[in-house]
Amino acid sequence: MLLSKAIEGFVVAKLASGYSSNTLGMYRVYLKLLSSFIHDADVNTITPADLERFMAWVSTEYKPHRVNGDTSPIPRLYIGAGSRDTRFG
């Protein structure tokens, strides 16, 4: 299954679980960014190294388009928020 299809299923499941539209909107933004970064790979081929490269890219090279005009990369602190894996925090 392509990551883009898995993302849509994930979002639908979270919507059914009562997640807010704001939360789901942010999930979509970052998960689609991940999907684009790894060229919409099959979920069975995605490795921890792929995810680590993505996390490094988002926190160093990615230039977000924020309402306030700030284009600085996303701090690693926010990327790992809520994660039990402290390698990303």
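The salt bridge (charged side-chain N to carboxylate O under 4.0 Å, His left out) analysis of residues 35-50, with sequence neighbours excluded, yields the pairs D50-R53.
Contact detail for S4 and S35: the closest heavy-atom pair is N-OG, 4.0 Å.
Checked against ring-ring contact (aromatic ring centres under 6.0 Å, His included), Y19 has no partners two or more places apart in sequence or in another chain. With sequence neighbours excluded, no residue forms a side chain to side chain contact (heavy atoms under 4.5 Å, CB included) with S21. The side chain to side chain contact (heavy atoms under 4.5 Å, CB included) test applied to V29 returns no partner, not counting sequence neighbours. Contacts of F37 classified as ring-ring contact (aromatic ring centres under 6.0 Å, His included), with partners at least two apart in sequence or in another chain: F54, W57.
L34 is listed as a side-chain neighbour of L51, based on a closest heavy-atom distance under 4.5 Å.
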Distance-only donor-acceptor hits, side chain of residues 5-18, under 3.5 Å, sequence neighbours excluded:
unit_1	atom_1	unit_2	atom_2	d
S17	OG	A13	O	3.0

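In this structure, CG in L33 is found 15.5 Å from CZ in R28, a value given to the nearest 0.5 Å.
Cluster annotation: L31 is connected to V43 through the hydrophobic network of ILVMFWY side chains, with a link wherever side-chain heavy atoms come within less than 4.5 Å.
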